[in-house]
Amino acid sequence: MKHEKRSKWSSQATFILAAIGSAVGLGNAWRFPGLAAKHGGGTYLLIYLVALFVVGIPLLMMEVSVARKFHRGAGESMRGINKKTEFIGWAATSNAFVISTYYAVVFAWVILMTVCSVKFAGMTGDVNAAQNLFADLTQTTWDIKGFSIPIPVLLSVIVAWAAIYYCIRNGASSVGKVVKYTVFLPVILLVIMAIKGCTMSGAGEGLRMFFIPSMSAFEDPSLWIDAIGQVFYSLSIMMAIMFAYGSYLGESANVAKDCVIIALSDAAVSVLSGIVMFSTMGGVGMLDSITDSGIATAFIVYPQAIVNLTDIGWFNALFGAIFYLMLVTLAIDSAFSIIEGVSASVADKFHLNPKKVTRWACVISAIISLLYATRAGVAWLDIVDNWTNQINLIVIGILECIAVGWCFQIDKVWQQINRNTKKFKMPRMWIRLAIRYIAPATLLILFVWNLYVLFVQKGGHYGYALWAECLAGWLVSALVFASGFILKLIVRHKKKHGFVEDEIVWEENDPKLKNKKADDGNRTRLSSLGSWRSTDELHLLKCGGRSENFCRFFYFILKYLICQFFFMTEGYKLGYDTITITGNGNRFRKIFHVYNSPVFNL
């Protein structure tokens, strides 16, 4: 079967800019400052930066390095890790597709507000008119009823989707040309707004609130949940995006260094956005009005600050236009990167023309997005966003960590991360601890907390009709996680008509790992259980055994049980050989093996 030639980034800098553009989105501009205001500013910032280094950067490196190794999107990359874990990649892809349907409409709202910023000129000091501008333009009901589409919103949605498609029409090639402008422009606009904010009389109070930690805030468990959650949401991980972008990398790419640059750039823009928000709101005496709701902050609260900036109407309108233009440039990179993640996965799986897949992905997503363009769109968006981010994204992250950290030789990923590095190498222990233990445990806590908020604090729903939340929440989540199994049925049907899946194998580039693999194979062939490929061995001396060996033994038993529970596979086989050790007297010992079959393909 003929394969399309895969796109490549024109340079390493282009990849870095594209990844930064994807990671830096609307959440940096409005959710990050809102959460900082909620949790005492500097306290939240400190926890966020710690979480970024402890778990955010290792997971970003994991996705990019795996995708660079296989040169495939999320679905096929996870199949390369293990055939049983392919569904995780498709869950990430499907969830990203759902997000794309409403993110484009938010992008459209920002475009509409940019165009209508001229209205701020006539609202000087009128906070009621300013806070109602968004509601007047979108004619929102703030409820699930009202399915007519206002013409201004419809036109904005058309413009948004046209811009998204234009940016990714030629894959990595066209994306590389766009990000040269769309990544730097929002930073320039943020700096302009930061200068204006910091020169206002009350800015100092806002900046002190943002940067100085409050010790009492550390006692609030939601602080830790929100700060760590923002790291996962902000880096575009667990959404199939970094798999797609990583798959366009060349073999000479320095994944470790590039991912650190991407993560730190994302954090820097978040901090800069915080400076803008806190200095401006402090300057107009509205620090108490900052909310952790992104839509409320951008479309209700901030317009009130805009009309109170000065007594000069045209200047306020200009400042409002700069603010919303900044949001436009932030949104567009994230919007088209989501579609790119979806189209890369589908095109790789079915050997389709990437340009055609991108076109159809945009068309289908645009049609679905019309739901959010209606007068009831804000409510439906809120429902879907809660499930895709608070439930789906977190479960996908947990499964990714288990698949790579527990059911794969994680040292291979570590080697791939440090490939092409010289002095700047990621510590092996850091990567192992982050992916195997810290990240999945943190995500699990985050997941449990979100369920606690939903079922205990909110009474089982987010305030909308139960049927609406079941339809747009639980049903959508079920389809997201069923997508991989539905796809298997499609592939099985296509195979009857001649379709052949690509064979994806992790082949070692490092001679040391090749030799280790060969040695493992030689040792395994001694086993009476057959020619399995062993992944680990545990030596237990029958006499004089050490306590750490018993710990290791139970570690491998745990690993076996986790893989059995999550992936329902017969991949791991437990057995032992009895061999004779010669030396100071003959002693017998048992060598316990954790085997994996060729089917499980670890």
Side-chain angles (χ1 to χ4, degrees), residues 1 3-9 15 18-19 22-23 59-83 85-100 168-176 235-250 253 255 334-362 364-365 392-393 396-397 399-400 403-404 413 416 480-481 483-488 490-491 494 499 501-506:
M1 183 175 291
H3 288 246
E4 295 287 334
K5 185 178 179 181
R6 189 165 195 81
S7 297
K8 295 287 184 183
W9 298 114
F15 160 69
S22 173
L59 289 188
L60 178 62
M61 291 178 178
M62 178 190 79
E63 290 196 353
V64 173
S65 62
V66 169
R68 194 270 300 270
K69 177 63 181 180
F70 293 120
H71 295 293
R72 294 289 192 277
E76 290 292 83
S77 290
M78 291 308 297
R79 186 164 72 93
I81 292 294
N82 187 284
K83 291 181 180 180
T85 62
E86 182 182 2
F87 79 95
I88 302 172
W90 287 108
T93 302
S94 302
N95 199 52
F97 177 77
V98 175
I99 292 173
S100 73
I168 56 172
R169 68 193 187 283
N170 294 321
S173 175
S174 57
V175 169
L235 288 177
S236 291
I237 52 180
M238 304 174 290
M239 292 177 62
I241 297 172
M242 289 306 168
F243 280 107
Y245 278 10
S247 71
Y248 301 142
L249 281 172
V255 172
S334 297
F336 68 64
S337 68
I338 299 172
I339 292 292
E340 184 63 25
V342 174
S343 62
S345 291
V346 175
D348 290 340
K349 183 65 180 181
F350 296 104
H351 313 148
L352 300 174
N353 185 313
K355 294 182 181 180
K356 292 182 179 179
V357 174
T358 298
R359 187 183 309 127
W360 278 106
C362 287
I364 296 171
S365 186
N392 301 355
L393 205 64
I396 291 167
L399 293 176
E400 273 190 21
V404 177
V413 177
Q416 190 66 209
V480 162
F481 289 102
S483 61
F485 303 101
I486 295 172
L487 182 130
K488 278 194 173 184
I490 295 174
V491 170
K494 288 178 68 69
F499 175 75
E501 283 187 295
D502 289 336
E503 189 66 29
I504 304 177
V505 180
W506 187 299

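One-based numbering along the sequence shown. Just so it is clear, the model here is predicted, and its values are computed rather than measured.
Side-chain rings of Trp9 and Tyr245 approach one another, their centers coming within less than 6.0 Å.
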Derivation and outcome, side chain to side chain contact (heavy atoms under 4.5 Å, CB included), residues Val346 and Trp360: CA-CA 11 Å; Val346 175; Trp360 278 106; over 6 Å; no

Verdict with reasoning, Ile490 to Phe499, per side chain to side chain contact (heavy atoms under 4.5 Å, CB included): CA-CA 11 Å; Ile490 295 174; Phe499 175 75; over 6 Å; no

Evaluation steps, side chain to side chain contact (heavy atoms under 4.5 Å, CB included), between Met238 and Glu63: CA-CA 8 Å; Met238 304 174 290; Glu63 290 196 353; 4.2 Å; yes

Test log, rule side chain to side chain contact (heavy atoms under 4.5 Å, CB included), inputs Lys69 and Trp506: CA-CA 8 Å; Lys69 177 63 181 180; Trp506 187 299; 3.7 Å; yes

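With hydrogens and angles disregarded, no donor-acceptor distance shorter than 3.5 Å links the side chain of Thr358 to the backbone of Arg169. In this structure, Ser173 contributes its side chain and Asn170 its backbone to no donor-acceptor pair below 3.5 Å. A distance-only check finds no donor-acceptor pair linking the side chain of Arg68 to the backbone of Val255 [under 3.5 Å]. Judged by distance alone, the side chain of Thr93 and the main-chain N or O of Val342 form no donor-acceptor pair under 3.5 Å. Looking only at distances, a side-chain donor or acceptor of Ser334 sits under 3.5 Å from a matching main-chain atom of Ser22.
Listed by chain and number, the residues in a side chain to side chain donor-acceptor pair (under 3.5 Å) with Glu400 amount to none (sequence neighbours excluded). Partners of Glu340 by side chain to side chain donor-acceptor pair (under 3.5 Å), not counting sequence neighbours, listed by chain and number: Tyr248. Legend: residues meeting side chain to side chain donor-acceptor pair (under 3.5 Å) with Ser65, ordered by chain and number and at least two apart, are absent. Ser100 meets the side chain to side chain contact (heavy atoms under 4.5 Å, CB included) test with Phe97, Ile338, Ile339, Ser365; sequence neighbours excluded. Considering only residues two or more places apart in sequence or on other chains, Ser483 meets the side chain to side chain donor-acceptor pair (under 3.5 Å) condition with Ser94. By the ring pair (Phe, Tyr, Trp, His ring centres under 6.0 Å) test, Phe481 is found to be paired with no residue, residues two or more places apart in sequence or in another chain being considered.
Here the side chains of Asp348 and Phe70 are not in contact, with every heavy-atom distance at 4.5 Å or above.
Heavy-atom minimum distance, Leu393 versus Asn95: CD1-ND2, 3.7 Å. Residues Ile88 and Leu399 approach most closely at CD1-O, 3.5 Å, considering heavy atoms. Between Met78 and Thr85, the shortest heavy-atom contact is O-OG1, 2.9 Å. Listed here is the closest heavy atom pair of Pro354 and Ala347: CA-CB, 4.1 Å. The two residues Phe336 and Val175 make their nearest non-hydrogen contact at CE1-CG1, 3.7 Å. Closest approach of Ile504 to Gly80, counting heavy atoms only: CG2-CA, 3.6 Å.
In this structure, CG on Asn392 lies 8.0 Å from CD1 on Ile99, to the nearest 0.5 angstrom. The CD1 atom of Ile396 sits 13.0 Å away from the CH2 atom of Trp90 when rounded to the nearest 0.5 Å.
Within 6.0 Å of NZ in Lys8 there are more than 12 heavy atoms belonging to other residues, nucleotides or ligands.
The residues Lys83 and Glu501 are annotated as not salt-bridged, no charged nitrogen and carboxylate oxygen being separated by less than 4.0 angstrom.
Screening Arg72, Lys349, Arg79 for a salt bridge (Lys or Arg N to Asp or Glu O under 4.0 Å) with Asp502, the sole residue that qualifies is Arg72.
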